[in-house]
Amino acid sequence: MLGVLTLTKQVQVGEFEDQSEEQKLEYGKRVGNKIFIPALAIGIIAMIMAQAKSLKIPIGTGDEGPIFFEFSAAQTLGISSIIAIIIALVITKAKYHETKEDTAKMLMTIGSSSLLPQLLGALGTVFAAAGVGEVIGSGVTAVVPPGAKVLGVVAYCLGMVLFTMIMGNAFAAFTVITLGVGIPFVIANGANPAVIGALGMTCGYCGTLMTPMAANFNIVPGSILETDNEYTIMKTQAPVALTLIVVHIILMLVFGF
């Protein structure tokens, strides 16, 4: 029922205290490019925290030997995000009330799209375990002869693009399409697995540029930037994506074999 309400646009953004254009311009001039520091801080702090295991601080012993201290992925992301918020407050000199108000407004504007990447990532794992790749591979067999390198590469690249557009996530599509098409129709014909795998993944990103399912790339930025059309970003990216698909096919044929 919640999905139906969202689909029919019955869920509306609440009322929030908005800033005037003059205030936005004033904040923009005062902060400038320093606004990117908190976003960069998340990645830098997460990278530093990920090195904790290399210090080899023992915290116990398991069946396979000593257990060393390390941060989990959730702890790394959570702590680095909290520190980034503190840095943002210091840079912008914003009040806590303003931060809470703007965060709630942004989250409501994005809506259900904020959960879409996690759900699609989980769906990709389910598809792989359910054998969807094998089903796709059997379907491709009816069209592409096993020894046809060029057709195999085209089918693999287009499969990565289309399935990424459906899943909204190249990582989710990679496992399914590589098992169903990449290995039997490309790598089995003598292609270099490292080259095919690398190009196959980036080819999937071409699909990411053209789908609303990749909400965190295409819909969320449009909501934050308050574009007139929520599909403006995808329309702008589409010509580049289509060109890169052709480039990937050529690169795979030239360097993959």
Side-chain angles (χ1 to χ4, degrees), residues 1-4 6-7 63-64 72-74 77 112-220 234 237-238 241-242 244-257:
M1 288 302 297
L2 288 173
V4 172
T6 303
L7 184 65
D63 296 335
E64 299 179 0
S72 68
L77 181 60
S112 58
S113 299
S114 59
L115 292 174
L116 199 56
Q118 296 93 312
L119 295 174
L120 291 173
L123 186 60
T125 305
V126 173
F127 275 19
V132 174
E134 297 173 8
V135 175
I136 294 174
S138 63
V140 173
T141 304
V143 181
V144 180
K149 295 181 180 179
V150 176
L151 290 178
V153 168
V154 172
Y156 180 48
C157 289
L158 293 181
M160 277 298 302
V161 171
L162 293 174
F163 210 71
T164 297
M165 292 179 71
I166 294 170
M167 302 297 294
N169 189 317
F171 289 97
F174 183 73
T175 305
V176 176
I177 300 300
T178 301
L179 288 174
V181 183
I183 293 175
F185 294 96
V186 182
I187 295 174
N189 286 325
N192 184 327
V195 174
I196 298 302
L199 289 172
M201 177 64 83
T202 54
C203 192
Y205 294 150
C206 297
T208 302
L209 296 174
M210 301 186 291
T211 176
M213 298 301 283
N216 51 333
F217 289 102
N218 301 328
I219 303 300
V220 172
M234 283 182 292
Q237 294 172 164
L242 294 171
L244 285 175
I245 294 170
V246 177
V247 171
H248 272 82
I249 292 173
I250 295 171
L251 290 175
M252 202 173 285
L253 288 169
V254 173
F255 295 109
F257 292 91

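Each residue takes its place number in the sequence, starting with 1.
Here the options are L242, I245, L158, the test is side chain to side chain contact (heavy atoms under 4.5 Å, CB included), and the partner is C206; only I245 passes.
Pairs engaging residues 246-257 under the side chain to side chain donor-acceptor pair (under 3.5 Å) rule: T202-H248 [sequence neighbours left out]. Pairs engaging residues 180-196 under the side chain to side chain donor-acceptor pair (under 3.5 Å) rule: none recorded [sequence neighbours left out].
Scanning for side chain to side chain contact (heavy atoms under 4.5 Å, CB included) contacts around T178 gives Y156, F174, I183, with sequence neighbours left out. Contacts of C157 classified as side chain to side chain contact (heavy atoms under 4.5 Å, CB included), with partners at least two apart in sequence or in another chain: V153, C203, I249, M252. Remark: F255 pairs with V195, L251 by the side chain to side chain contact (heavy atoms under 4.5 Å, CB included) rule, at least two apart or across chains. Among residues two or more places apart in sequence or in another chain, the side chain to side chain contact (heavy atoms under 4.5 Å, CB included) test is passed with A191 by V186, I196, F257.
Considering only heavy atoms from C-beta on, V161 comes within 4.5 Å of M210 through its side chain. Contact check for L151 versus F185: no side-chain heavy atoms found under the 4.5 Å cut-off.
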| said: Using the rule given for side-chain contact (heavy atoms from CB on, under 4.5 Å), can you reason through I136 versus V181, listing the C-alpha separation, both sets of side-chain angles and the distance that settles it, and then say yes or no? | reply: CA-CA 7 Å; I136 294 174; V181 183; 4.0 Å; yes
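Heavy atoms from other residues, nucleotides or ligands lying under 6.0 Å from OH of Y205 number more than 12.
Between M167 and M213, the shortest heavy-atom distance links the atoms C-CB, 4.4 Å. Minimum interatomic distance between T164 and G207 (heavy atoms only, all atoms of both residues): CG2-C, 4.1 Å.
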